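Since we're looking at a predicted model, the values are computed, not measured. Letters A, B, ... mirror the listed sequences (proteins, then strands); counts begin at 1.
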Number of protein chains: 2
Amino acid sequence: MAKPLSPEILEQIAERFRVLSEPARLRILNVLLDGECTVSELVDQTGLNQANVSKHLSLLRASSFVERRKEGLYSIYSVADPSVGLLCEVMCDRLEARAEELSAMLGTGS
Amino acid sequence: MAKPLSPEILEQIAERFRVLSEPARLRILNVLLDGECTVSELVDQTGLNQANVSKHLSLLRASSFVERRKEGLYSIYSVADPSVGLLCEVMCDRLEARAEELSAMLGTGS
DNA sequence: TTACTGTATCACCATATAGTAATGTAGTGA
DNA sequence: TCACTACATTACTATATGGTGATACAGTAA
């Protein structure tokens, strides 16, 4: 690794990975990546209940993955961390690569 | 987001983020990114105890982040997933960017 | 004020998991 | 065989956290 990472930095990195380690939060982020949303819209689009969505949004906001704007009764959330999409893409690409390796192994009978 | 990600894919992505969400595992990966290691070497370099290191290695291997080669009494581990370094770098860059934003805000008194 | 709505928070339970001591297993050498 | 080493696994505890119903809070409108 280019930079030697201190245990303190690694803890902060781990903490950010932890926030991304819940399917429910990724569902929320995935919706938000298509554009800002109110909480109710997120409830509709994710199928999660309102308390649950609010709780996840709270954590996502505390870790600066999303930000909130208030408009009357509504809380409008949007993605604040431009790296979210990239991180998911990298993970997704690896999943695909592994799937290909696996099917190649099965195919050649290796 | 370019690709619409199904809930199933998001679960797999979340699972991989979860594996990276432990400081102890990041410490191990961070050492392995500098080159393959035996378990004892990892114990020495991370300060974790042997059972703990073995358990984390088990999980890292089950999720294909590392791979193992046996040589006599030794188990030699190495990083198997080329994306690990990139993922940590992205996270680290974001932390730095946020730190800069913060100090800029404090600096201008904005 | 009252009534309604959208969102946040609280309290609780159930589950998952990190850490660890003890034990098991496998390879090596005498 | 026995003894030693390197590693893996088991059993257990303590803690953290996701989901949820109930409730609180804030904005709007009458």
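- The listed nucleotides are D:dA8, C:dA18, D:dG19; the one nearest the side chain of A:Asn52 is D:dG19.
- Between the CG atom of B:Leu48 and the P atom of D:dC7 there is a distance of 15 Å, given to the nearest Å.
- Residue A:Ser40 places its side chain closer to C:dG6 than to any other of D:dA22, C:dG6, D:dC7.
- Applying the 4.0 Å criterion to OP1 and OP2 of D:dC7, one finds that B:Arg68 has every side-chain N and O outside that range.
- Checking C:dT7, C:dA18, C:dA26 against every side-chain atom of A:Val39, the shortest atom distance belongs to C:dT7.
- Among the protein residues, B:Ser54 comes within range of the nucleic acid bases, having at least one heavy atom under 4.0 Å from a base atom.
- Remark: P of D:dA6 and CG of B:Leu57 are 16 Å apart, rounded to the nearest angstrom.
- Of all non-hydrogen atoms in A:Ile13 and B:Cys88, the two that sit nearest each other are CD1-O, 4.0 Å.
- A distance-only check finds no donor-acceptor pair linking the side chain of A:Arg27 to the backbone of B:Leu10 [under 3.5 Å].
- Protein atom CD of A:Glu22 is 16 Å distant from nucleotide atom P of C:dT15, rounded to whole Å.
- Protein atom NZ of A:Lys55 is 15 Å distant from nucleotide atom C1' of D:dT23, rounded to whole Å.
- Side-chain to base pairing of A:Lys70 with D:dG27: no donor and acceptor N or O lie closer than 3.5 Å to each other.
- Heavy atoms of A:Arg25 sit under 4.0 angstrom from primed sugar atoms or phosphate atoms, though from no base atom.
- Comparing atom distances between the B:Tyr77 side chain and each of D:dA8, C:dG6, D:dA22 picks out D:dA8 as nearest.
- Residue side chain B:Gln50 reaches the base of D:dA8 through a donor-acceptor N/O pair under 3.5 Å, judged by distance alone.
- The two residues A:Cys37 and A:Glu41 have their closest heavy-atom pair at CA-OE1, 3.3 Å.
- In this structure, CZ of B:Arg18 is placed 17 Å from P of C:dT15, rounded to the nearest angstrom.
- Applying the 4.0 Å criterion to OP1 and OP2 of C:dG19, one finds that B:His56 has a side-chain N or O inside that range.
- The listed nucleotides are D:dC7, C:dT7, D:dT9; the one nearest the side chain of A:Ser75 is C:dT7.
- The distance between atom CG of A:Leu59 and atom P of D:dA16, rounded to the nearest whole Å, is 15 Å.
- Note on A:Arg61: nothing from the nucleic acid sits closer than 4.0 angstrom, heavy atoms only.
- Distance check: B:Arg25 CZ to B:Thr46 OG1 gives 13.0 Å after rounding to the nearest 0.5 Å.
- OP1 or OP2 of C:dT9 sits under 4.0 Å from a side-chain N or O of A:Ser58.
- Each of A:Glu71 and A:Ala24 was matched to the nucleotide of DNA chain D holding its nearest heavy atom; the match closer to the 5' end belongs to A:Ala24.
- B:Val66 places none of its side-chain heavy atoms less than 4.5 Å from the side chain of B:Val84.
- Rounded to a whole Å, the CG atom of B:Asn49 is 14 Å from the C1' atom of D:dA6.
- Distance, A:Ile28 CD1 to D:dG18 P: 11 Å, rounded to whole Å.
- Set against C:dG6, C:dT9, D:dC7, the side chain of A:Tyr74 has C:dG6 as its closest nucleotide.
- To the nearest 0.5 Å, atom CG of residue A:Leu86 and atom CE of residue B:Met91 are 10.0 Å apart.
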